A.B. asks: 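My questions will all concern the structure given below.
Just so it is clear: chains get the letters A, B, ... in the order the sequence lines come, proteins before strands, and each one is counted from 1. Please read all numbers here as calculations on a predicted model, not as lab measurements.
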2 protein chains.
Amino acid sequence: MSKHVENTGTDGITSPTCAMGYAFKAIEGKWKLPVMYVLSERGAARYNEIKRELGITNMMLTNTLRDLEEYGLVNRTQYNEVPPRVEYSLTSNGYAIIPALKEFEKWGQLLLDTKEDVIQD
Amino acid sequence: MSKHVENTGTDGITSPTCAMGYAFKAIEGKWKLPVMYVLSERGAARYNEIKRELGITNMMLTNTLRDLEEYGLVNRTQYNEVPPRVEYSLTSNGYAIIPALKEFEKWGQLLLDTKEDVIQD
DNA sequence: CCGTATCCTGCCTGATACTG
DNA sequence: CAGTATCAGGCAGGATACGG
């Protein structure tokens, strides 16, 4: 068994020193999960690919990718060509989120199956 | 096999008509997942219990619970006593997110195990 | 105890322009 | 192509006070 982090109990889940709290913090923000999902599906993707796929703005995509890099979840690979090419991919730690995403997708499918009416928004 | 929703491909993941998009939408915002996690651990919890556990403000907790109710993920049970008592619990659809949360927690633990230094923040 | 009502800050968006 | 810069506007989220 791996060294399990003890929960102090003072602020429980919210605390980034417990597994759940750290996970929550790692994916905080609107675009972390969607970006990681795109990368998990494509293996590697270029900046503008992600942008088109998600309909995200430059600022938010850049910030999100930077954050994910800082957490060691995403790799940035720059090819010095003309035109310049930059590819993003999941690190091994980033890749490890996929089982959670799969379960999550199954859950979303259940929700869709359960409700008869479709949200029009 | 259940009726699987076809992805139009026009906006892919972002679209709430695909499983992943709908799931993303259902947990959008900072507090949906933490609240559901608390409820999954406690079975049922009172308003102030959740509040203390998460360190969340009244407004955000109320809004989050209302949203989760609308999505059919959380039940609100009011006991007309003095002092008044209100308990929240997961519906069957809400309960179904637990496997995803478990995988998610395992991922958080992996991240903690991987990095040597602890975030001081 | 269980919320609602304000006010305020900061994230997020959208559009547009500009650099290596 | 892959960003950075900026500004306007909207909406999520936080702090505090008040009400049923």
Side-chain angles (χ1 to χ4, degrees), chain A residues 11-16 21 24-39 42 44-71 74-89 119 121, chain B residues 10-16 21 24-39 42 44-71 74-89 121:
Chain A
D11 34 31
I13 300 157
T14 321
S15 168
F24 283 156
K25 218 170 139 45
I27 60 143
E28 197 166 15
K30 189 174 183 177
W31 294 106
K32 302 276 173 59
L33 245 26
V35 165
M36 291 187 78
Y37 183 68
V38 169
L39 294 180
R42 300 204 173 211
R46 303 175 65 164
Y47 183 91
N48 278 324
E49 279 184 300
I50 309 174
K51 190 183 169 190
R52 272 189 301 273
E53 173 100 21
L54 295 178
I56 184 178
T57 61
N58 284 331
M59 280 235 20
M60 290 315 298
L61 180 52
T62 300
N63 290 341
T64 302
L65 288 169
R66 294 287 174 275
D67 287 348
L68 291 174
E69 281 183 79
E70 276 188 24
Y71 268 87
V74 160
N75 283 319
R76 181 181 189 274
T77 312
Q78 180 164 357
Y79 302 90
N80 288 322
E81 309 171 346
V82 267
R85 182 161 62 102
V86 178
E87 283 193 345
Y88 293 92
S89 58
I119 280 187
D121 193 23
Chain B
T10 51
D11 34 27
I13 300 157
T14 321
S15 169
F24 282 156
K25 220 171 138 44
I27 60 143
E28 197 166 17
K30 188 175 183 176
W31 295 104
K32 302 277 173 58
L33 246 26
V35 166
M36 292 186 79
Y37 183 69
V38 169
L39 294 180
R42 301 205 173 211
R46 303 176 65 165
Y47 183 90
N48 278 325
E49 279 184 301
I50 309 173
K51 189 184 170 191
R52 273 190 300 272
E53 173 99 21
L54 295 178
I56 183 178
T57 62
N58 286 329
M59 279 245 23
M60 291 315 300
L61 179 52
T62 301
N63 289 340
T64 301
L65 287 169
R66 294 287 174 274
D67 288 348
L68 291 174
E69 280 184 79
E70 275 187 25
Y71 268 86
V74 161
N75 284 318
R76 180 182 190 275
T77 312
Q78 180 164 357
Y79 301 89
N80 287 323
E81 308 170 349
V82 267
R85 182 162 61 103
V86 179
E87 283 193 345
Y88 293 92
S89 58
D121 195 15

A.B. asks: Are the side chains of N80(A) and Q78(A) in touch, meaning some heavy atoms are under 4.5 Å apart?
C.D. replies: yes
A.B. asks: Rounded to whole angstroms, how far apart are OH on Y79(B) and P on dC2(C)?
C.D. replies: 12 Å
A.B. asks: Within the side chain of T14(A), is there an N or O that forms a donor-acceptor pair under 3.5 Å with the backbone of L54(B)?
C.D. replies: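 Confirmed, T14(A) side chain pairs with L54(B) backbone.
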A.B. asks: Using modelled atom types only, decide if a donor and an acceptor are shared between the side chain of K51(B) and the backbone of Y47(B) within a distance under 3.5 Å.
C.D. replies: no
A.B. asks: Side-chain N or O of R66(B) versus OP1/OP2 of dG3(C): is the shortest distance under 4.0 Å?
C.D. replies: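 So the side-chain polar atoms of R66(B) do come within 4.0 Å of the phosphate oxygens OP1 or OP2 of dG3(C), strictly under.
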A.B. asks: Dot-bracket for DNA chain D: what is it, with Watson-Crick or G-U pairs under 3.5 Å, [ ] where a pair crosses earlier ones, and | for a pair to another strand?
C.D. replies: ||||||||||||||||||.|
A.B. asks: Could you grab the distance from atom CD of E28(B) to atom CG of L33(B), nearest 0.5 Å is fine?
C.D. replies: 12.0 Å
A.B. asks: Collect all protein-nucleotide pairs involving nucleotides 10-13 of chain C in which both atoms are nitrogen or oxygen and the distance is under 3.5 Å.
C.D. replies:
unit_1  : atom_1 : unit_2 : atom_2 : d
dT13(C) : OP1    : K30(A) : NZ     : 3.4
dT13(C) : OP1    : W31(A) : NE1    : 2.9
dT13(C) : OP2    : W31(A) : NE1    : 2.9

A.B. asks: Could you state the NZ-C1' distance from K51(A) to dA15(C), rounded to the nearest angstrom?
C.D. replies: 11 Å
A.B. asks: May I ask you to test the Y88(B)-E49(B) pair for a side-chain heavy-atom distance under 4.5 Å?
C.D. replies: no
A.B. asks: Are the side chains of R42(A) and E53(A) in contact, using a 4.5 Å heavy-atom criterion?
C.D. replies: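 Side-chain contact under 4.5 Å: yes.
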A.B. asks: Atom CG of D67(B) and atom CD of E70(B): how far apart are they, to the nearest 0.5 Å?
C.D. replies: 6.0 Å
A.B. asks: Could you tell me from which nucleotide to which nucleotide of DNA chain D, 5' to 3', there is an atom under 4.0 Å from chain B heavy atoms?
C.D. replies: dG13(D) to dA17(D)
A.B. asks: Mind listing the closest non-hydrogen atom pair of E87(A) and A44(A) along with its distance?
C.D. replies: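 Smallest heavy-atom distance, with atoms named: OE1-CB, 3.9 Å.
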A.B. asks: Quickly work out the E81(B) CD to dC1(C) C1' distance and round it to whole Å.
C.D. replies: 11 Å
A.B. asks: Relative to the ring of F24(B), is the ring of Y37(A) parallel (under 30°), tilted (30 to 60°) or perpendicular (over 60°)?
C.D. replies: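 If you compare the ring of Y37(A) with that of F24(B), the planes turn out perpendicular.
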A.B. asks: Mind running side chain to side chain contact (heavy atoms under 4.5 Å, CB included) on R76(A) and L65(A) for me, showing each step along the way?
C.D. replies: CA-CA 9 Å; R76(A) 181 181 189 274; L65(A) 288 169; over 6 Å; no
A.B. asks: L39(A) vs I50(A), test: side chain to side chain contact (heavy atoms under 4.5 Å, CB included). Steps then yes/no.
C.D. replies: CA-CA 8 Å; L39(A) 294 180; I50(A) 309 174; 4.0 Å; yes
A.B. asks: Using heavy atoms to find the nearest nucleotide of DNA chain C for V86(B) and N58(A) separately, return the residue whose nucleotide is more 5′.
C.D. replies: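 That would be V86(B).
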A.B. asks: Starting at the 5' end of DNA chain D and moving along, which residue's nearest nucleotide shows up first, N63(A) or P83(A)?
C.D. replies: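 Nearer the 5' end of the strand: P83(A).
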A.B. asks: Would you indicate, yes or no, if dC1(C) has its OP1 or OP2 atom less than 4.0 angstrom from a side-chain nitrogen or oxygen of R46(B)?
C.D. replies: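 No, no such contact exists.
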